[in-house]
Amino acid sequence: MILPTVALLFARAPTSGAVVVSSGKVIGQGVTGTVSPNGAVRTVGQGEGVTFTGSGRLGGRSGSGTWRRSDGCGGTWSSAK
């Protein structure tokens, strides 16, 4: 499953990119994570000189959650298949 994600990395402007979710793992440029059987998502990554963490839930053809960067900036993310 490939899910485009929104607002995973930049605090000042929304951005988008693709991640692959397969066999309970999230893989994308600068981000990795896990998806539990109940859809809970946990991610970690780095880019632009900061690290970030994210969490949320995937279900059916969409998902959403929150993220926080090491510099204190944070926001929300959403995805759709």
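Quick note: numbers below take in every heavy atom, side chains included, and nothing from hydrogens, waters or symmetry partners.
N38 has its side chain within reach of R57: a pair of non-hydrogen atoms, C-beta onward, lies under 4.5 Å apart. Using a 4.5 Å heavy-atom threshold, the side chains of T51 and V44 count as separate. Here the side chains of S22 and I27 are not in contact, with every heavy-atom distance at 4.5 Å or above.
Going from atom OG1 of T53 over to atom CD of Q46 covers 13.0 Å, rounded to the nearest 0.5 Å.
Panel note: side chain S70, backbone F52; no donor-acceptor pair is recorded below 3.5 Å. R42 contributes no side-chain N or O that, together with a main-chain N or O of G56, makes up a donor-acceptor pair within less than 3.5 Å. At distances below 3.5 Å, not a single donor-acceptor pair connects side-chain atoms of W77 with backbone N or O atoms of S64.
When each of T34, T43, L58 is paired with V26, the side-chain contact (heavy atoms from CB on, under 4.5 Å) condition holds for T43 and for no other.
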